[in-house]
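Accompanying notes for the structure given below.
In what follows, chains carry the letters A, B, and so on, assigned in the order in which the sequence lines appear, proteins first and then strands, with residues in each chain numbered from 1.
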Protein chains: 2
Amino acid sequence: MTASAKSVAGSDRLRASSLGDDVSFLLARANALSIAAANAALAEFGLKARSYSVLSLAVAGTRPSQRELSEFLRLDPSQVVALVDELERRALVAREPDPCDRRAKVIVATPEGRETFARAQLATGAAERALHADLSEDEREQLADMLRRIAYPE
Amino acid sequence: MTASAKSVAGSDRLRASSLGDDVSFLLARANALSIAAANAALAEFGLKARSYSVLSLAVAGTRPSQRELSEFLRLDPSQVVALVDELERRALVAREPDPCDRRAKVIVATPEGRETFARAQLATGAAERALHADLSEDEREQLADMLRRIAYPE
DNA sequence: TATTGTTATACTCTATAACTATA
DNA sequence: TATAGTTATAGAGTATAACAATA
């Protein structure tokens, strides 16, 4: 958390500037609030947005390798090592050898990992709904669709 | 830049996971691409997203104090000091005493700062349009409106 | 007593290169 | 020769506390 909610009114007049209408700027600010809300919701599970993402992909059962996690999450392979180390230490995921490639390690969730994820998903879902409170369900879907076209250009 | 564009196909199958439909996750990924594109466009001007934002608000003529910049940009006051130091060192902005409050310093753009900003704005505008190439003008406005309601909840 | 700008410091995050074991 | 995972390290980004000048 950066600035307190103290005298927020003091900087409100800056919203009229061209920055305040810049889609990139709005995207950055919306994302900052989104991450803050997600991390707050995940704190009680000892997770953050990053580790939650890795756990989510492990739970999904797609048996990703660390390399795939690295590419999909746009993280350096060395960062994935640290994230998996932590989750494995807490027995939420396990590294399994890939029978097709003895170099690769497949990340799978443990039963405890699946249970923790289920509860964490409820918490982040609630936080997300609170953040999107001003949007209708139709708008949420529209938003997701547009963001997807930006995030995954054909 | 994190993962190379080498074997992106390798992680595409992970998109089918629940994470791939998570609005917060899409928001984070779209923002990461947006910042990367903006920073690439700003590099030739020796600017980054942060310093560009400060320069933009200085150019707007609203005469923000550092405290206001800190609140509006959600940055710690000490970070604003560093950003303004750098911009002032390059003579793009100047600190002026606030006649109403001798503690405060008002940030104003120099003529050179305005000129640099004008060129930088063209570059970021082009990068943004490229990033939103799949969106119509109507959709862009819709997106901005929805992001604004998330970023600035009433 | 509270606030603005500042400095110092530590902590997290991110990027890079080198190493190993496999392919 | 190239790739998956790992380690080490340095740089950028972020958070916290303390301070001087002013309100």
Side-chain angles (χ1 to χ4, degrees), chain A residues 1-11 28 31-32 35-36 39-40 42-43 46-51 53-54 63-89 93-107, chain B residues 1-4 6-11 28 31-32 35-36 39-40 42-43 46-54 63-89 93-107:
Chain A
M1 215 58 56
T2 324
S4 70
K6 179 174 30 74
S7 104
V8 171
S11 69
N31 183 53
I35 290 181
N39 282 339
L42 289 170
L47 296 170
K48 294 185 181 179
R50 290 280 160 73
S51 43
S53 298
V54 171
R63 300 182 64 81
S65 70
Q66 295 189 189
R67 172 67 48 175
E68 285 176 316
L69 292 175
S70 161
E71 286 172 6
F72 185 67
L73 298 174
R74 298 177 61 84
L75 297 174
D76 198 79
S78 59
Q79 297 179 51
V80 175
V81 170
L83 286 167
V84 172
D85 278 351
E86 166 72 7
L87 290 173
E88 192 175 43
R89 190 188 60 74
V93 307
R95 286 173 164 97
E96 287 187 3
D98 183 342
C100 307
D101 185 340
R102 281 192 295 172
R103 293 173 304 180
K105 297 174 186 175
V106 164
I107 308 305
Chain B
M1 216 57 55
T2 322
S4 71
K6 178 177 27 76
S7 106
V8 171
S11 69
N31 183 53
I35 290 182
N39 283 339
L42 290 169
L47 294 170
K48 295 187 180 178
R50 290 280 161 73
S51 44
Y52 174 81
S53 299
V54 171
R63 302 182 64 79
S65 70
Q66 293 188 193
R67 172 67 48 175
E68 285 176 316
L69 292 174
S70 162
E71 286 172 6
F72 187 66
L73 298 174
R74 298 178 62 84
L75 297 173
D76 199 78
S78 59
Q79 297 178 50
V80 175
V81 170
L83 287 167
V84 173
D85 278 352
E86 166 72 8
L87 290 172
E88 191 175 43
R89 190 187 61 73
V93 306
R95 286 173 164 98
E96 287 187 3
D98 183 341
C100 307
D101 185 339
R102 281 192 293 174
R103 292 173 306 182
K105 296 175 186 173
V106 165
I107 308 306

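Among the candidates A:N39, A:L42, A:I35, A:L83, the single residue satisfying the side chain to side chain contact (heavy atoms under 4.5 Å, CB included) test with A:K48 is A:N39.
For A:P77, the side-chain atoms get nearest to D:dT6 when compared with the rest of C:dG5, C:dC13, D:dT6. Listed candidates were D:dA15, D:dG5, C:dT7. Nearest to the side chain of B:Q79 is D:dA15.
Following rounding to the nearest Å, A:L83 (CG) and D:dT7 (C1') show an atom-to-atom distance of 16 Å. Regarding A:I35, its CD1 atom lies at a distance of 15 Å from the P atom of D:dG13, rounded to whole Å. Taking atom CD of residue A:E68 and atom P of nucleotide D:dT3, one finds them 15 Å apart after rounding to whole Å. To the nearest angstrom, P of D:dT6 lies 8 Å from CD of A:E88. Protein atom CG of B:D85 is 13 Å distant from nucleotide atom P of C:dG5, rounded to whole Å. Following rounding to the nearest Å, A:L75 (CG) and D:dT6 (C1') show an atom-to-atom distance of 16 Å. In this entry the distance linking CZ of A:R67 with P of C:dA23 reads 15 Å, nearest Å. Atom CG of B:L73 is separated from atom P of D:dG13 by 15 Å (rounded to the nearest Å).
B:V93 approaches B:V84 most closely through the heavy-atom pair CG2-O, 4.3 Å. In terms of heavy atoms, B:A32 sits closest to A:R74 at CB-NE, 4.5 Å. Across all their heavy atoms, A:S78 and A:D76 have their closest contact at OG-OD2, 2.8 Å.
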**Request:** Would you check, one step at a time, whether the test side-chain contact (heavy atoms from CB on, under 4.5 Å) holds for A:V54 with A:V80?
**Result:** CA-CA 8 Å; A:V54 171; A:V80 175; 5.6 Å; no
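A:S70 contributes no side-chain N or O that, together with a main-chain N or O of A:Q66, makes up a donor-acceptor pair within less than 3.5 Å. Remark: the backbone N or O of A:S65 is paired with a side-chain donor or acceptor of A:E68 at under 3.5 angstrom.
Phosphate contact (OP1/OP2 of C:dT4, side-chain N/O of B:R95, threshold under 4.0 Å): absent. Checking the phosphate oxygens (OP1, OP2) of D:dA12, no side-chain nitrogen or oxygen of B:K48 falls inside 4.0 Å.
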Any N/O pairs under 3.5 Å between the protein and nucleotides 17-23 of chain D? List them or say none.
| residue | atom | partner | partner atom | Å |
| --- | --- | --- | --- | --- |
| D:dA23 | OP1 | B:R102 | N | 2.9 |

